[in-house]
Each structure stands twice: as structure tokens, then as C-alpha cells.
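Worksheet: one structure, shown below.
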Amino acid sequence: MALSPLVVFILLYLVTSIVARDFYKVPITVAFLTASIYAIAITRGKLRRRINVFSRGASTPEMMLMIWIFILAGAFANTARQMGAIDATVNLTLWMLPSEMLLAGLFIAACFISLSIGTSVGTIVALTPIAAGVAQQTGADMAMVIAVIVGGSFFGDNLSFISDTTIIATQTQGCKTSDKFRVNSFIVAPAAILILCLYVYMGQGMAEPTDIPSINFWKVVPYMVVLVTAVFGINVMVVLTLGILLTGIVGLTDGSFDFYGWLGAMGEGIVSMGELIIITMLAGGLLEVIKHNGGIDFIITRLTRRISGKRGGELAIAGLVSIVNFCTANNTVAIITVGGIARKIGEKYGLDPRKCASLLDTFSCTVQGLIPYGAQILMAAGLASVNPVSIVPFLYYPMAIGLSAFIAILIRYPRRYS
């Protein structure tokens, strides 16, 4: 009974989405709100006390830190976009491509941009039109070229310091983003190198794209500074604040916007994170009520009763986030939903929180990168005018990181974090 609010959320969102034949027609916020009201209703005690339990979960220090980071990330991403940093980075990457490494270059571009901006969707929006043009010029399979961009976009979604999945995974597991980045790198680097080599082989003989726009190198500076400072382990809030200031300086200097335009861009970026902030708070409150009623302990007991060691604990975390992601078609929501449970499993079996955060992020990105009703594939298919299902067979990178993470669990790799 304590777990029934989670069931209500998944069934409400999944069933209504199937009926509507559109997984983005049903607001996730409404599904969470309905499940939250139900959770409060079935909890025993005075109404005010039940609401206090929910509010306590929605406003923990970890939850508020996540929200602050979301606000800064939204402001930076939008100011960088309006300043022209995305276009400049794309053009720079394409300008550097040898003709025989066209597919590999597009993959590198998607990896680099998604790592810099922390969002797969933003990367797909920026690069898909270019990839579609490349496919038309070279006669390559459109779905295959688009899949290169979609796959590469999940490189940054999985590793970026400002990705919402990274932020949530690290905060729910209680570890630093820089530590999670190191563990994640060990797991996905072999997959990324393998897929890059595959694209080098597949791209032999393809023609080089023409009409690459001129490059403003100054506009690439904010992304490079954010990436370098984040890699050196500087606090993510400091990194994002520095990025916002740099986008303002470059944008004001070259006339991309005036002072009020810069403030307006920050405001729009902050507002764009509103739904994610609401989801985060509702999910935190919902899971606190479930925990209060004994649901978390019940899940851990049932899920781990046949687990005999660390491998089983890690497999349980991987399976749990994958199932929820498949049902919700949103990797951020999946990590928010199961993050608290994963931490309890980690504590029970003495798992390294850095690897737990890495597994949460990697397996959620794997599932999100392969479901044809996910936002990323739907958006790419729409921009390129192809069937979403036709892209799935070519999504080699999401498949590779899922396999790599699964093998990492079985062979206890990297050993230092296992």
C-alpha cells in the first residue's frame, strides 16, 4: 500500500500516454501531482502532519541545491544560445573535419557540444539540420546519419557537469560531479572509442560538406571555460556563474544583445527550467511519503532478497532505473524517481555512491536513447522528416554504453570504485 502512489504515477502516465498515442501530450507534472495527492490521502495521521511529511521531502537541502543548479544551468544555456555560442561551436567543429572522417566528425561534434551544454535535446536541435544536409549531399542513409547525432548527444547527457541527469544522480547519491565524471569515463570511454572507430570505417569515401559558415572563435570561449573549470573540479555553481558572466561579456562586446537582452535571456532560461523544478519538488515529496509509510524498505527487501553481493545490488539499481525510464520516457524523471531507493540499496550493500550515480545516469541514458517515443528521437525524426523507428537500429552509442555498463557490473570495473 505504501508503494501504491508510485504505481499510480507510472500507470497514470503510461496508460494515458498510450491512449493519447503521444508520450509528451500528458504533462508529467500532472501525473506527479495526482500521485502526490493520493499519497497524502492514504497516509495515516492528521492532514497537517501528512502535508508536513511531503513538504519535508520536497525541501531537503539536497533538493534545494539541485534547484539552484537548475536555475543557473537554465540561465547559462539560454544566454549561450542567444549569444550564438552553439552555432559557433558547431561551425568550428565542422570546419575541422577531414572529408574521410565525416561521420566520426559529426559524432565528435555531438559529443563535444552535448558535453558543453549538458543537454541531448539542445544538441539534436543544433546539429540535426546540418546532419540532414550532409546526408542529402553525400547520398548517405538519412536515418543512419541522424542516429550519429542522437547517439553522440547522449555522450554529454551522460557525462556533462551541467546535465540535469548528472546533477540529480550525484545529488541523490551524495557524491561530487567530478567524482562521478571519473567513474563514468572509465565505463563509457571504451564504448565511445569503439563507436568512433566504427564511424571512421563507415565514413570512408563520403564527400565533405560545403558552405560552412564563418566562425567567431570568441563565442566558443564560454563553453571551453565551463568545460575546463568543471573538469578541474570547481564547484558546479561557480562554474555556471562564470559561464553566465562570460556569455554576457562576449555577447555585449560583439553586439549579440544589449544589457537588458542579456538579463532577458537569463530570465527566459530560468523560466524554462520551471517544469523540471516542479517535478523535482513533487518527486521529492512523493518519495518522502512513500519512505514514511515503509515503501522504500519494502522495495529494498523485495528487490534484494535474492541478492548476495555488490554485483546484485548494482544490477538492481540498473534494472530499477531502466524500468522506470521505459515507462516514463524521461531519463531525468527516472533518476529523480528511483534515486532515493538506489541510495538505500547502495548503503545496504556498501556500494560506492560514485559508481551508483554513474550506473543511474548511464542506464537511464541507454534506455532514453533507444526508445522511439523519447523526446530526443522524436525531435530528431521531426527535424529530418524520417520515421522515429527507422533511427533506432542505428543508435550504436546508446547500445554500446548500456553493454559497457552491464559488463562493468559483472567484472566489477573500475575496480577502485567497485
Side-chain angles (χ1 to χ4, degrees), residues 1-43 50-51 54 57-58 70 119-121 124 150 157 164-165 168 172 271-291 293 295-296 298-299 303 319-342 360 363-383 387-392 395 398:
M1 193 64 182
L3 282 175
S4 59
L6 192 59
V7 177
V8 167
F9 165 71
I10 294 174
L11 290 180
L12 175 63
Y13 185 70
L14 183 63
V15 172
T16 52
S17 297
I18 291 174
V19 171
R21 297 182 180 180
D22 184 354
F23 273 79
Y24 293 89
K25 194 170 185 178
V26 182
I28 296 177
T29 48
V30 174
F32 263 117
L33 178 62
T34 304
S36 298
I37 293 172
Y38 171 77
I40 293 172
I42 66 168
T43 303
R50 288 180 272 167
I51 293 175
F54 182 89
F70 289 156
T119 167
S120 53
V121 173
I124 288 169
V150 175
D157 207 348
D164 49 7
T165 56
I168 295 168
T172 57
V271 171
S272 70
M273 304 298 283
E275 183 180 34
L276 182 57
I277 291 171
I278 292 171
I279 290 172
T280 301
M281 297 184 72
L282 288 174
L286 175 64
L287 291 176
E288 182 65 24
V289 174
I290 292 174
K291 177 183 176 183
N293 291 331
I296 303 297
F298 178 81
I299 281 185
L303 195 62
L320 194 59
V321 73
S322 298
I323 292 170
V324 175
N325 202 136
F326 183 82
C327 294
T328 60
N330 189 305
N331 50 343
T332 302
V333 172
I335 297 174
I336 290 173
T337 304
V338 307
I341 302 171
L360 279 173
F363 278 98
S364 68
C365 285
T366 295
V367 175
Q368 187 69 19
L370 293 174
I371 51 177
Y373 51 87
Q376 291 83 354
I377 295 179
L378 289 175
M379 184 169 293
L383 291 171
N387 190 315
V389 179
S390 68
I391 300 175
V392 175
L395 291 167

To the nearest 0.5 Å, what is the distance between CD1 on Ile341 and CG on Leu320? 5.5 Å

Output the distance between atom CD (Gln376) and atom CD1 (Ile371), rounded to the nearest 0.5 Å. 8.0 Å

dist Leu286:CG -> Phe9:CZ (nearest 0.5 Å) comes out at 8.5 Å

Using 0.5 Å steps for rounding, measure from the CG atom of Leu360 to the CD1 atom of Ile336. 12.0 Å

Are side-chain heavy atoms of Thr337 and Ile10 found at a separation under 4.5 Å? no

Return the CG to SG distance between Asp157 and Cys365, rounded to the nearest 0.5 Å. 4.5 Å

Closest approach of Asn387 to Val389 (non-hydrogen atoms, all atoms of both residues): OD1-N, 2.9 Å

Using only atom types and a distance under 3.5 Å, with no angle test, would you say the side chain of Asn293 pairs donor to acceptor with the backbone of Gly295? no

Can a donor-acceptor pair be found, under 3.5 Å and without considering hydrogens, that links the side chain of Gln368 to the backbone of Asn330? yes

Of all the heavy-atom pairs spanning Ile28 and Ile279, show the shortest one and how long it is. CG2-CD1, 4.0 Å

Would you check if there is a donor-acceptor pair between the side chains of Thr165 and Asn331 at a distance under 3.5 Å? no

Taking it one step at a time, do Ile37 and Phe54 satisfy side-chain contact (heavy atoms from CB on, under 4.5 Å)? CA-CA 10 Å; Ile37 293 172; Phe54 182 89; over 6 Å; no

Is any side-chain heavy atom of Ile42 closer than 4.5 Å to one of Pro5? yes

In Å, rounded to the nearest 0.5 Å, how long is the span from CG of Asp164 to CD1 of Ile335? 8.0 Å

Shortest non-hydrogen contact from Ser36 toward Leu282: OG-O, 3.8 Å

Closest heavy-atom pair and its distance - Gly369, Leu395: O-CD1, 2.9 Å

Pairwise side-chain contact, Phe32 with Val333, heavy-atom cut-off 4.5 Å (strictly under): yes

Which is it for Leu12 and Tyr38 under the side-chain contact (heavy atoms from CB on, under 4.5 Å) test, yes or no, and what are the steps along the way? CA-CA 12 Å; Leu12 175 63; Tyr38 171 77; over 6 Å; no

Determine, stepwise, if the pair Leu287 / Val338 fulfils side-chain contact (heavy atoms from CB on, under 4.5 Å). CA-CA 9 Å; Leu287 291 176; Val338 307; over 6 Å; no

For residues Ala39 and Val289, report the shortest heavy-atom separation together with the two atoms involved. O-CG1, 3.7 Å

Between Val392 and Pro372, what is the shortest heavy-atom contact and its length? CG2-CB, 4.0 Å

